[in-house]
Structure formats: structure tokens, C-alpha cells
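As C-alpha cells, the structure follows; a few thoughts come after it.
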Amino acid sequence: MQKRNQSAMAASKKIRLFDKNSPLKQSRLKSSATRKPIPNWVDVDDDEEHIGRRKRPTGVLKGSKVNHGVVPPPLAHSTPPRKKARLSNAGPSAAIQERHELPIAKGKEALVREIAANEVTVLLGETGSGKTTRESFFSSALSYFCECGINSEVPQYLLEAGFADAGLIGITQPRRVAAMTLAARVAKEQGTTVGQSIGYAVRFDERAGPETRVKYMTDGMITRELLGDPLLSRYAVIIVDEAHERTLRTDLLLATLKRILPERNGDKKGKGKECNPLKVVIMSATLDAEKFSRFFDNAKILYVKGRQHPVKIYHTAQGQTDYVEAALRTFFQIHLDQPPGDVLIFLPGQEDIESLEKSITQFARRLPIGQPAVMVLPMFASLQTAQLQRVFATAKGASVRKCILATNIAETSITIPGVRYVIDTGKSKEKRCLAGAQGGGFDTLFTRDITKSNAMQRAGRAGREGPGFCYRLYTEDAFKEMTVTPEPEILRCSLTHSILQLLCIGQDIQDLDLMDMPDVDAISSAFRTLFMLGALDSTRTVTPLGRAMVNFPLEPPLARAVMASKDLACTAEVLDIVSVLAASGNLFLDVTDKRVEIAEARRKLVHTSGDHLTKLGVLRAYRAVGGGGDGAENDDEKVGRSACKEWVRQHFVNERTLREATRIRDQLREACARADIDWRVSCGDREEPVLLSFTHGLAMNVAFIAPDGSYKRAIGQSAQNVKIHPSSSMADKKVQAIIYDELVYTNQIYARGVSSIPKHFVSIVGTFNRREA
DNA sequence: TGGGGATTT
């Protein structure tokens with residue numbers, strides 16, 4: 001990491017923008033000589049080359065058992081670009097008028113007919129542009145799904161065709177924002193408000209009533225519904241959107257749908273069919289559509305023509321050793337040579353973003369007079385909300401070019417207006433759970449090459465408002481060698497929660513027909529963890545404790561800590577800590593520039609026993625200044641809010657995490673009430689009960705100090721060395737024993753979220769958990 | 001001395 005930083009710094013010193021010998025200058029010279037828009041790039045927008053041999057998916061593909069149907073394509077670009085009025089106050093009639101102009105509208109009848117005729121239908125989005133290359137295929141399709149309304153139109157066609165008479169039309173999404181936004185859009189187009197005939201259900205927010213016919217929901221919500229309704233009998237149609245993303249929950253949903261279809265519709269011999277029939281529609285944006293089709297017994301694939309502004313893609317002629325330096329050079333080439341339009345640069349992580357931010361700002365100061373100014377905007381998930389919002393603000397004056405430096409948060413979750421140029425470093429970070437068969441694996445977080453699908457998605461971000469350009473900092477050969485799609489999440493993440501959930505509905509994961517089956521080690525590691533937590537007995541049967549745990553929207557270790565807090569009379573404290581741990585973001589902000597100030601501010605917040613009680617202290621201090629109140633907001637609300645803002649600013653704490661933690665805590669309190677656990681019970685200032693509760697939950701995450709001062713894991717690979725992560729309040733501290741939230745391998749194996757525990761806790765917990773199991 | 005991104009009755 002440090003090496004990469006140094007080389008970037010060295011590189012930025014080397015470049016002299018207007019020096020004759022600078023790489024930039026050289027490439028500018030080449031530029032005018034070859035009359036290519038940007039030098040050092042290979043033009044792969046090879047219309048002539050690809051157009052002839054591009055397979056048009058009409059009729060049945062040779063050598064494939066898959067049925068292919070075609071929705072009649074609309075005339076490409078036959079309709080004017082959609083106005084943004086959709087999100088403004090235009091009335092329902094205006095919205096309906098626009099719907100008829102959508103390309104997909106022309107295929108409506110065929111679409112409805114095919115879905116009616118088939119149990120399972122796969123919808124594959126595709127570009128409508130005649131100039132399509134194979135590469136632009138993906139981005140077009142993905143973009144089309146988001147922008148051109150397939151996921152708002154199809155449910156409406158089915159509603160209008162009477163599919164909802166027999167039950168709900170459910171549409172699942174991987175992200176909550178998408179579920180809410182789409183529901184709002186469809187409600188408006190139907191001339192109603194969300195919560196009537198059109199509704200949604202996401203965590204913390206459900207707007208669906210008895211009249212709801214079309215329900216947008218996160219895939220996690222429908223997974224939860226399965227626990228109470230194993231046949232999903234309320235639904236007549238389930239549309240699985242963004243199936244290509246292959247999230248853990250989407251994969252589990254697909255396997256479940258495959259299992260319940262015969263029960264809902266009868267098998268081929270006419271048996272079964274105990275309730276109303278079920279239709280399944282899979283929406284995917286990659287060529288993997290064929291894989292979905294094969295999975296569902298060669299289901300029919302419908303290709304839906306889309307529309308996307310063309311994105312011209314360039315690759316570098318040579319591979320780049322330093323992608324930060326390459327991004328720097330490319331940005332200024334665009335800035336100096338190309339017409340207005342904002343630039344979006346994809347980088348793997350915060351470190352690279354901050355380093356590039358510095359270099360660009362430094363060089364931008366030395367631009368000649370008359371050049372548009374540069375506004376550099378970093379963007380990654382742990383940024384404060386205010387800083388994230390700067391990205392959406394329109395730049396003051398026309399002579400400013402925004403340069404957004406983003407992680408893959410900008411790939412799917414957030415769309416930035418005004419982007420015309422994309423620079424793609426071809427790298428991203430990926431977390432992967434490495435399971436040890438004996439239990440206690442660890443996560444790795446490393447920078448790796450992206451996949452073709454990611455590359456297309458990134459490129460597509462340049463063509464959302466008009467024709468765009470994408471500069472890839474890798475060669476065309478490197479692109480061709482990339483994997484097609486990211487590895488399904490189910491092969492990369494911990495399975496403890498899913499396995500417990502499945503067992504609670506009487507399903508063994510190994511009997512489930514999954515599109516991709518996880519490794520045996522990953523499965524046995526999860527079983528072992530569940531056994532150590534007391535959620536399963538030695539015959540792999542769910543214990544009463546396990547059944548109680550699954551009712552909490554928490555990973556099993558945290559649910560176990562909550563259960564332990566009941567007996568140890570410290571539920572108030574444990575619930576507060578667990579809610580912070582379950583929140584997605586980091587509690588502490590870290591700005592590299594302000595390291596000294598941050599260390600100073602943090603010293604006051606640290607608890608001597610470690611990170612768990614430190615988090616409790618932060619949450620309670622925040623609440624003391626008026627944050628995350630118990631819903632009893634009063635006249636002082638405004639005063640309280642500004643006091644909160646000031647407090648989090650002074651202490652470098654992420655308020656977004658604290659707000660999310662508060663919502664989670666409220667939800668956990670409800671779950672406690674149902675489980676007959678009194679969440680008000682507090683242990684006051686005593687820390688032992690809290691730490692012992694967490695030792696129950698983190699029984700597989702224990703390490704002891706060795707004579708040489710290093711920590712060694714209590715289980716798993718014998719004598720495996722563990723270092724305390726530098727961000728922990730326990731870093732460099734020597735205590736007898738520690739528990740930790742997770743192990744992450746970067747340069748070495750780090751324990752994160754660490755607390756000191758008395759050594760004898762381990763034996764108490766070991767015998768206790770096993771007795772429960 | 002180091003933190004890709006989602007998500008849960």
C-alpha cells in the first residue's frame with residue numbers, strides 16, 4: 001500500500017504539465033499527428049468489424065436447447081430522449097403519455113403473451129442502437145434497465161393484463177433505494193400514490209396495504225417473508241430484477257422459486273397444484289441470461305431492445321503499471337483537449353482516491369489562464385453525507401469541470417448527473433470469506449481486476465445523458481481476458497446466517513438446487529460456527545436458542561450476544577453496541593490529512609477494555625447531545641440537531657452510522673419484545689456482563705497472547721498469528737485474551753473490533769454454548 | 001498503522 005503511494009507521489013513529481021519532455025506533452029504531439037481524439041489509445045469502437053459477425057438473437061440459436069423469442073424491436077432512436085419531467089411535478093397524464101413513447105411499449109403485447117404462456121420467462125435487456133459493438137452491449141442493457149423503464153413497465157403491463165387478479169405482483173431489487181424509487185415512479189404513472197395499488201417494502205419502511213397489487217421489495221424482504229409463507233402464496237407473479245448481480249439473497253430466492261414452482265403449478269404429470277399458480281420473470285442484463293434459462297428448465301428468453309447513448313470506448317496501447325498516474329495523465333488530456341462534460345474516475349479505494357485528489361488539485365492550480373477550473377470530488381461510502389452531496393450540486397459557472405473520484409459506489413448505487421467522460425482503472429476491491437474447514441476462517445480484502453460486466457457498467461455511466469467517452473487504463477487484450485461476470489456472492493461470503501435461516505424452514509442448503517453451489521469447506525465452516533454458538537446441536541438440528549436467534553435481523557454471532565445479554569442482565573448495553581456493529585458504515589471517520597487532530601479527539605472517546613465499549617460510549621455521548629432520540633423529538637429539535645452536528649464534527653464520528661444504528665436498535669427492541677426479552681434491563685457501569693455476552697457471540701473469534709507478545713487464535717489453524725488492526729483502540733496493547741468482530745487479511749491478518757477479556761471467560765462460554773447445543 | 005459495495009419479519 002505504501003509502495004503504491006510512494007510511486008504515485010514520485011510519478012506526480014515527475015510530470016511537468018507543459019514541459020517538452022513530459023509524458024503528457026509527448027502524447028499531445030502524437031495526438032495531432034494521428035488525428036485521434038486521445039493519443040496512446042486504441043480505438044475499439046469497431047462497428048464495421050463487429051456488425052457483420054454479431055449474432056442477432058432471432059429465433060433459436062444453433063447448438064442450444066434454449067428457446068429464444070424476440071420482442072419486436074422498436075425503431076432505434078425513433079422517440080425523443082426522455083425528459084427529466086418524470087421526476088418533477090408533471091401530472092399522471094403526462095407520465096402516461098410518456099409511457100407510450102417508450103421503446104418497450106411496442107413490444108407490450110408480445111411480452112404479455114409470452115409471460116402468460118410460460119411458467120418462467122427470462123428478460124434480457126439489449127441496446128437499440130444500430131452501432132452496437134459486443135462491448136457496448138452490456139452497458140447498454142444495464143443502463144436500459146435503469147433508465148428506459150423495463151422494470152417499471154413490465155409490472156404495469158402485467159397489472160393491466162389482469163395478472164394481479166390472482167395475487168400480488170412482486171418485484172425484487174438488490175437495493176432499497178431502487179425499490180422505493182421504482183414504486184414512486186410506477187404509482188405516479190398509474191395516477192395513484194405509493195401504498196395504494198402500488199407499494200414497496202424495504203427494511204425500516206413498508207408502504208403496502210390491502211389494496212396493493214404491485215409490490216417492489218428488496219430481495220432480503222422476500223427472503224424474510226419465506227420464513228412465514230414457504231410457498232409465497234400471496235404472489236401471483238414474482239419478478240426478480242437485476243438477477244445478473246447474483247447477490248446471496250437473489251440466488252437463494254431463485255433456488256427457492258425453483259423448488260416451489262412444482263408445488264404451486266403442479267409438476268409435469270399434473271400432480272401438486274395445491275394453490276394459485278405462480279409466474280416467475282427473471283430480468284438480467286448480461287449474456288448469463290442463458291444460464292438463468294438453463295437453470296429454469298430452458299425457460300424462454302425474451303430480448304428487449306433498449307436505448308442508450310453511444311459510448312466510445314478506448315483502451316491503452318500498453319498495460320499501465322501505475323493506474324493512479326495513468327488516471328492523472330488521462331484526466332488532464334481530457335480536460336485540455338475535450339469539450340465540456342464532467343469526468344468520473346473509478347478507483348479501488350480511499351487511499352488511491354486521496355492520493356489522486358492531491359495530485360489533480362496540485363496540477364490544476366498551474367493551468368494556464370482561460371482554462372476551465374477543476375473541481376475535484378472524492379466519493380466513497382464512508383464519506384459524510386454533506387461531502388457526498390457536493391457531487392450532485394451543479395458547478396458554479398459553466399467554466400468548471402467536475403472530476404469525481406469514486407469507488408464502485410458509483411457503479412450501481414449512485415448516479416451522478418453531468419458525466420460525459422469515464423476513466424476506468426480496471427481495479428476494484430473485493431471482500432472474500434476464506435473459510436477454514438475447522439471453523440474460524442477470515443475475510444480477505446484485496447485489489448483485483450474487474451470483470452467485463454463491471455467494465456461495461458462503468459463505461460455506461462458516461463452515456464446516460466448523451467453520447468459519452470470511456471478511457472480504459474488497460475489494453476484491449478486485458479479486457480478480453482477478463483472474467484465475464486463477477487463471482488456470485490454466495491461463493492464469496494459467510495453462509496452462517498443463510499444456513500440457519502434455511503434450516504428453520506426445514507431446508508438443508510446441500511439439498512437445495514442452487515445455480516452455484518458453495519464450497520464444502522464454506523458450508524462445514526458455517527455449520528461449525530452455528531454449533532459453537534449453540535444454534536445447532538451435534539446432529540445439525542436447530543436448537544431452541546437457534547430458533548430464537550433467527551428472529552433477529554442480525555448475523556448469528558450478534559444475535560447470540562443479544563440472547564446472552566438476557567441471562568446476564570445487560571440487554572440495554574448489548575443492544576446499543578450490536579446496533580452499531582450491524583450498521584453498514586464505519587463509526588469513525590478518517591481523513592488522512594487530519595490524523596493528529598483525529599487521534600486527539602478519539603483519545604477522549606476510547607474505553608480501556610476496547611472497541612465494543614468504546615462504541616457504546618460514543619453512541620451514548622451522541623444521544624446525550626440530542627442525537628438518535630427515542631422518537632420524542634420536541635421544540636428543541638433544531639437546537640439538538642445542530643448540537644449533534646457540531647459534536648460529530650468535533651469528534652470525527654460518522655453521523656450516518658449513528659442514525660442507522662438508532663433505527664436498527666429500535667427494530668431490535670421490537671424483536672426483543674416479541675422474544676420476551678426486556679431491552680430496558682441495564683447493568684449500569686459494569687463492563688463484565690457486556691464483554692461476557694460478546695464472548696458468547698464471538699466464541700470462535702478469541703485469541704490469546706503468546707510469550708513473544710503476539711496474539712494466537714484459540715481455534716482454526718493452530719498457532720495462527722493475529723495482529724490487532726491499527727484502527728482499533730487495542731492496537732499495540734498487550735492483554736491476556738481478546739475477542740474480535742472479524743479477521744481481515746490485507747498485508748497480514750488483522751483483527752478488527754477488538755476487546756480485552758479475562759482469560760476465564762473462554763472456558764465459561766465454551767461449556768455454556770455447547771450445553772445449549 | 002489501514003477502511004470495495006450492497007442488505008435483513
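The structure presented is a predicted model; accordingly, all values stated were derived computationally and were not measured. Numbers restart at 1 for each chain; the letters A, B, ... are given by sequence-line order, proteins then strands.
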Among the nucleotides dT8(B), dG5(B), dG3(B), whichever has the atom closest to the side chain of P553(A) is dT8(B)

5′-ward residue of the pair P726(A)/T218(A) relative to DNA chain B:
P726(A)

Would you mind reading off the distance between R246(A) atom CZ and dG5(B) atom C1', rounded to a whole angstrom?
18 Å

Quick one: M180(A) CE to dA6(B) C1', roughly how many Å, whole number?
13 Å

Figure out the CZ/P separation between R602(A) and dG3(B), and round it to whole Å.
15 Å

Tell me the interatomic distance from F380(A), atom CZ, to dG2(B), atom P, rounded to whole angstroms.
17 Å

Q667(A) near the nucleic acid: base, sugar-phosphate alone, or nothing, with a heavy-atom cut-off under 4.0 Å?
sugar-phosphate

Let me know which of D241(A), I239(A), L182(A), I169(A) forms a side chain to side chain contact (heavy atoms under 4.5 Å, CB included) with Y216(A).
L182(A)

Taking distance alone, no hydrogens or angles, what donor-acceptor pairs closer than 3.5 Å link side-chain atoms of residues 498-506 of chain A to residues at least two apart or in another chain?
none

Report which part of the nucleic acid R203(A) touches: base, sugar-phosphate, or nothing (heavy-atom distance under 4.0 Å, all strands).
base

Taking atom P of dG3(B) as reference, at what distance in whole Å does atom CD of Q350(A) sit?
10 Å

Under 4.0 Å, counting only non-hydrogen atoms across every strand here, what does A381(A) touch: a base, just sugar-phosphate, or nothing?
sugar-phosphate

Which nucleotide sits closest to the side chain of K723(A): dT1(B), dT8(B), dG3(B)?
dT1(B)

What nucleic acid atoms does V202(A) come within less than 4.0 Å of, heavy atoms only: base, sugar-phosphate, or nothing?
sugar-phosphate

Applying a 4.0 Å non-hydrogen cut-off, can you work out what G228(A) is touching in the nucleic acid: base, sugar-phosphate, or nothing?
nothing

Rounded to whole Å, CZ of R249(A) lies from P of dT7(B) at a distance of 9 Å

Determine the contact category for R663(A): base if any of its heavy atoms lies under 4.0 Å from a base atom, sugar-phosphate if only primed atoms, P, OP1 or OP2 are that close, otherwise nothing.
nothing

Within the 4.0 Å heavy-atom criterion, would you say L227(A) contacts the bases, only the backbone, or no part of the nucleic acid?
nothing

Identify whether any heavy atom of T746(A) sits under 4.0 Å from a base atom; if not, whether one sits that close to sugar-phosphate; answer base, sugar-phosphate or nothing.
sugar-phosphate

With a cut-off of less than 4.0 Å, is there a side-chain N or O of Y750(A) near OP1 or OP2 of dT1(B)?
no

Quick test of your reading of the model: are K429(A) and E351(A) salt-bridged, counting only N-O distances below 4.0 Å?
no

Touch class at under 4.0 angstrom, heavy-atom based, for S382(A) against every strand present
nothing

Quick one: E742(A) CD to dG4(B) P, roughly how many Å, whole number?
12 Å

Picking from dG3(B), dT7(B), dT8(B), which would you name as closest to the side chain of N586(A)?
dG3(B)

Any salt bridge between K427(A) and D449(A), counting N to O under 4.0 Å?
yes

Check this for me, if you would: do R649(A) and E655(A) make a salt bridge, where the nitrogen-to-carboxylate-oxygen distance has to be below 4.0 angstrom?
no

Residues in side chain to side chain donor-acceptor pair (under 3.5 Å) with T172(A), at least two apart?
none

Distance below 4.0 Å between S584(A) side-chain N/O and dA6(B) OP1 or OP2
no

Which part of the nucleic acid does I664(A) contact within heavy-atom distance under 4.0 Å: base, sugar-phosphate only, or nothing?
nothing

Just checking T407(A): base, sugar-phosphate only, or nothing, at a heavy-atom cut-off of under 4.0 Å?
sugar-phosphate

Heavy atoms from C-beta onward define the side chain here; which of dT8(B), dG3(B), dG4(B) lies closest to that of M221(A)?
dT8(B)

Within this structure, what is the CD-to-P distance between E242(A) and dT7(B), rounded to whole angstrom?
12 Å

Regarding E487(A) and R492(A), does a basic nitrogen lie under 4.0 Å from an acidic carboxylate oxygen?
no

Any side-chain N or O of T247(A) under 4.0 Å from OP1/OP2 of dT7(B)?
no

